[in-house]
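Here the structure comes first, spelled out in structure tokens, and everything after it is commentary.
One-based numbering, in listed order, for ligands and for the atoms of each. None of these values were measured; they are calculated from a predicted model. Sequence positions, counted from 1, serve as the residue numbers for this chain.
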Amino acid sequence: MSNKPTAHGPTRGLLLMVVAPSGVGKTSLTRRLVADHNDLHLSISATTRAPRPGEHEGRDYHFVTRPAFDDMVAQDAFLEWAEVYGNCYGSPRAPIMEALARGESVLFDIDFQGAMKVHAQVPEDSVLIYVLPPSLAEMSRRLHARSQDSEEVIAQRLARAKDEVAAWETFDYVILNDDFDRAYSDLAHIYHAERQRRSRNPWIGGLVADLLKEEI
Ligand code: 5GP
């Protein structure tokens with residue numbers, strides 16, 4: 001009885017990559033997941049694109065100049081980086097590694113190619129989730145409604161969405177965002193289940209060894 005284990009041990013963190021075409025509600029889903037979980041941190045990307053109205057330095061992105069971005073690339077400061085619609089975006093390596101070392105998790109709000117690059121580097125600790133729009137017509141409607149992009153960029157985003165959706169089988173999970181609360185619940189359940197994976201909870205080995213020593 002005396003060595004009956006009661007404590008839950010440390011869980012290994014994971015890299016949660018949520019990919020979706022623009023206008024599918026990904027930002028609302030991911031921001032809420034991070035707000036609801038204090039063991040999950042958002043990776044704040046560096047970008048050379050100008051801030052949009054309402055965006056804040058350090059909260060939405062680290063807004064940097066092209067030379068500053070190139071310096072970070074030269075110093076290998078990014079886990080991955082890419083050029084998207086003429087601007088550069090990169091995921092700073094240090095905060096990601098620090099969170100993992102603390103057993104915490106990191107959520108990436110990055111594009112398809114970035115998610116694939118992170119996954120290739122840390123396959124066992126990354127989880128790929130794709131968020132589907134209910135239809136391309138609805139996605140087009142949302143992109144027009146937010147009036148952030150020119151017609152040309154909207155057309156590019158829709159064409160890219162088609163290519164990505166066609167690659168849906170690359171992802172571990174696919175969520176349909178036709179209803180925000182249900183899509184959020186799916187996302188939160190995926191995160192919770194991934195945290196519970198046996199491979200991320202090596203302390204269970206000790207618990208089982210103790211259980212097997214128990215006299216009954
Ligand atoms: P936006 O300019 O609309 O904020 O982002 C444009 C695209 O760049 C989105 O698909 C977004 O997910 C992606 N993105 C943002 N940060 C990163 C990053 O650090 N790396 C990569 N590869 N893509 C990113």
Side-chain angles (χ1 to χ4, degrees), residues 15-34 41-66 68-73 75-100 105-122 126-133 136 139-140 142-168 170-171 174-175 177 187:
L15 305 181
L16 198 63
M17 265 144 323
V18 183
V19 180
S22 334
V24 175
K26 176 177 72 164
T27 305
S28 309
L29 288 169
T30 54
R31 295 301 192 271
R32 177 160 164 205
L33 191 72
V34 169
H41 308 279
L42 183 66
S43 169
I44 307 294
S45 300
T47 182
T48 58
R49 118 159 135 59
R52 295 190 182 121
E55 286 186 335
H56 291 290
E57 162 61 33
R59 188 194 68 185
D60 300 288
Y61 281 107
H62 298 293
F63 296 98
V64 298
T65 60
R66 183 65 201 246
F69 192 94
D70 291 344
D71 276 353
M72 292 177 81
V73 172
Q75 288 160 17
D76 200 23
F78 293 123
L79 191 58
E80 64 74 41
W81 70 273
E83 198 163 337
V84 187
Y85 307 121
N87 293 303
C88 293
Y89 298 83
S91 308
R93 186 188 293 276
I96 297 163
M97 294 310 170
E98 285 159 19
L100 281 182
S105 298
V106 182
L107 186 144
F108 292 72
D109 189 339
I110 64 179
D111 75 336
F112 187 89
Q113 44 178 337
M116 294 305 144
K117 285 187 212 161
V118 174
H119 182 63
Q121 289 192 57
V122 270
S126 60
V127 176
L128 293 167
I129 303 176
Y130 194 72
V131 186
L132 277 177
L136 289 185
M139 189 188 142
S140 168
R142 290 188 204 171
L143 287 175
H144 282 99
R146 74 178 192 187
S147 359
Q148 280 172 354
D149 302 310
S150 64
E151 282 301 321
E152 191 195 341
V153 169
I154 290 181
Q156 281 175 13
R157 291 191 193 276
L158 289 168
R160 179 178 287 219
K162 270 196 162 175
D163 291 343
E164 285 184 8
V165 168
W168 66 280
T170 315
F171 289 81
V174 177
I175 295 174
N177 190 9
L187 179 62

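- Taking every non-hydrogen atom of Arg49 and a distance limit under 4.0 Å, the qualifying atoms of ligand 1 come out as 1 (P), 2 (O), 4 (O).
- Between Asp109 and Arg31, at least one side-chain N (NZ, or NE/NH1/NH2) sits under 4.0 Å from a carboxylate O, which counts as a salt bridge.
- The closest heavy-atom contact to atom 1 (P) of ligand 1, among the options Trp81, Tyr61, Phe78, comes from Tyr61.
- Here the heavy atom of the protein found nearest to atom 16 (N) of ligand 1 is Ser45 OG, 3.0 Å.
- Ligand 1 has no nitrogen or oxygen under 3.5 angstrom from a nitrogen or oxygen of Gln113.
- Applying the ring pair (Phe, Tyr, Trp, His ring centres under 6.0 Å) rule to Tyr89 yields the partners Tyr61; only residues at least two apart in sequence or on another chain are considered.
- Contact atoms of ligand 1 toward Gly114: 22 (N) (distance under 4.0 Å to a heavy atom of the residue).
- At under 3.5 Å, not a single nitrogen or oxygen of Glu55, backbone or side chain, sits near a nitrogen or oxygen of ligand 1.
- The closest heavy-atom contact to atom 8 (O) of ligand 1, among the options Phe108, Phe112, Tyr89, comes from Tyr89.
- With contacts defined as side-chain heavy-atom distances shorter than 4.5 Å, the pair Leu16/Ile129 qualifies.
- Under the 4.0 angstrom criterion for non-hydrogen atoms, Lys26 is in contact with ligand 1.
- Remark: Phe108 pairs with no residue by the ring pair (Phe, Tyr, Trp, His ring centres under 6.0 Å) rule, at least two apart or across chains.
- When the heavy-atom distances from atom 7 (C) of ligand 1 to Val84, Asp109, Asp60 are ranked, the shortest goes to Val84.
- With a heavy-atom cut-off of 4.0 Å, Arg52 touches ligand 1 through its side chain alone.
- Atom CD in Gln113 sits 9.0 Å away from atom CD in Glu164 (nearest 0.5 Å).
- Of the polar atoms of Ala82, none of the N or O atoms is found under 3.5 Å from an N or O of ligand 1, judged by distance alone.
- Among all non-hydrogen protein atoms, the one lying nearest atom 20 (N) of ligand 1 is Glu80 OE2, 2.7 Å.
- Using a 4.0 Å cut-off to heavy atoms of Gly90, the atoms of ligand 1 that qualify are 18 (C), 19 (O).
- Note that the CH2 atom of Trp81 and the SG atom of Cys88 stand 5.5 Å from one another [nearest 0.5 Å].
- Using a 4.0 Å cut-off between charged nitrogen and carboxylate oxygen, Glu98 and Arg93 do not count as a salt-bridge pair.
- For atom 10 (O) of ligand 1, the nearest non-hydrogen atom from the set Val18, Val153, Val19, Asp111 comes from Asp111.
- Going from atom CZ of Arg157 over to atom CG of Asp149 covers 4.0 Å, rounded to the nearest 0.5 Å.
- One distance of note links CG of Leu187 with CG of Leu33; it measures 4.5 Å at 0.5 Å rounding.
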